[in-house]
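The block underneath contains the structure these notes are about, expressed in structure tokens.
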Amino acid sequence: MSEKTIHVNTPSRAYDVHVGHGILDGTGQLVREACGGGVAAVVSDSNVAPLYADRVLASLGAAGYRTALLTFPAGEQNKRLGTLGTLLEGLAQAELSREDVVVALGGGVTGDMAGLAASMYLRGCQVAQVPTSLLAMVDSSVGGKTAVDLEAGKNLAGAFFQPSVVVADVSCLRTLSHELFTDSCGEVLKHGVIADEDLFERVAARPINAPGYSQEELAEVIARNVQIKRDVVDADERERGLRQTLNFGHTLGHAIEAASDFRLGHGTCVATGMCCIARASASLGWCTEETCSRIESAVRAYGLPTDTQLAHDVIFHYATHDKKRHGSTVNVVVPCSIGSVQVRKVTLDQLRTIIDAGCGTA
Ligand code: GLY
């Protein structure tokens, strides 16, 4: 067992993210130290609960908690107000008080929904995030974004609500399919482009979805991703400025994801969106051709798509019906070089030019 601890210090809460190999059975102790309380309600989905809930419940029990397990059917289609309501009723039936803790055990859907339930229950109890997917480990479990989806779009109802502790055991990734693991690699590459050329070089030269990575090496890469995200959310918890850089690849990527009716994975679409905005940026003189081709080569090395054949009108439609639109402008994140990006406010006409220059042009 090895572990790295990353300290997050946002204005609303300070907490530790523990990243390691074989630390799941220590969850109870870590939650006890960070949260206290007497009851721990584990929230998990129908895929993850059979794999890990028993171990986490045993560990919480050994740390002195009375425990409850609340499960919901797996899938983004269940990240809805109805499921949230059922979870809230479950927390009440388990008789949690405001001092008690919700333990979100699973991927991004579970973390988002359990975090939102914790933010609402009794106007806020505590949440411990125990991510079991790569996406949740490197992105969604850290930074306090919680949400459910509405008919009108993904993540439209939510709250900023920081966890009290995050426990990321990379050995849980062994049960993830190669496809799901690869999908999340889009976010890992994104962190390299926005903030760390060394990380980018390392994971581009030796893709983490290829055989041969040890659990320790993977833990190191994940911990570096968490540090990058930590630096951003410490500086800008509420996404007023710097946190927008985490949306690199997302304006076009999210449009591609929505146009596919969410059949394409989020990280896959982010990877494609990064390549599209990089091509547009190179053609508009915002970055060099070399920066663009390094991003494309890295995405290709993961077996992720570097372009989309969607009609430009369709991409434009979805890109302008996103919650990140501000009236007649959209903030797009463009690469300056590997390790550095910039947020640019563009008009809808300029967005069309970007789509024309970057999409379907590989
Ligand atoms: N996933 C982007 C953020 O947490 O801001």
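Both counts, for ligands and for their atoms, begin at 1 and track the order of listing. Hydrogens, waters and symmetry mates are skipped; everything else that's a heavy atom, side chains included, is used.
Ion pairing of Glu220 with Arg202 is present here, as a side-chain N (NZ or NE/NH1/NH2) and a carboxylate O approach within less than 4.0 Å.
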Identify every side-chain donor-acceptor pair in residues 136-144 under 3.5 Å, counting partners at least two apart or on other chains, and give the distances.
| unit_1 | atom_1 | unit_2 | atom_2 | d |
| --- | --- | --- | --- | --- |
| Asp139 | OD1 | Lys229 | NZ | 2.6 |
| Ser141 | OG | Ala136 | O | 2.7 |

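The main-chain N or O of Gly36 is found under 3.5 Å from a side-chain atom of Tyr65 such that the two form a donor-acceptor pair.
Here His266 and His250 bring their ring centres to under 6.0 angstrom of each other.
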Derivation of the side-chain contact (heavy atoms from CB on, under 4.5 Å) call for Phe160 and Thr10 | CA-CA 11 Å; Phe160 285 100; Thr10 69; over 6 Å; no
Quick one: table the atom pairs, ligand 1 N or O against protein N or O, below 3.5 Å, distance rounded to 0.1 Å.
| unit_1 | atom_1 | unit_2 | atom_2 | d |
| --- | --- | --- | --- | --- |
| ligand 1 | 1 (N) | Asp139 | OD1 | 3.0 |
| ligand 1 | 1 (N) | Asp139 | OD2 | 3.2 |
| ligand 1 | 4 (O) | Lys229 | NZ | 2.6 |
| ligand 1 | 4 (O) | Arg243 | NH2 | 2.8 |
| ligand 1 | 5 (O) | Lys145 | NZ | 3.0 |
| ligand 1 | 5 (O) | Arg243 | NE | 2.7 |
| ligand 1 | 5 (O) | Arg243 | NH2 | 3.4 |

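A donor and an acceptor atom, one from each side chain of Thr268 and Asp183, are located under 3.5 Å apart.
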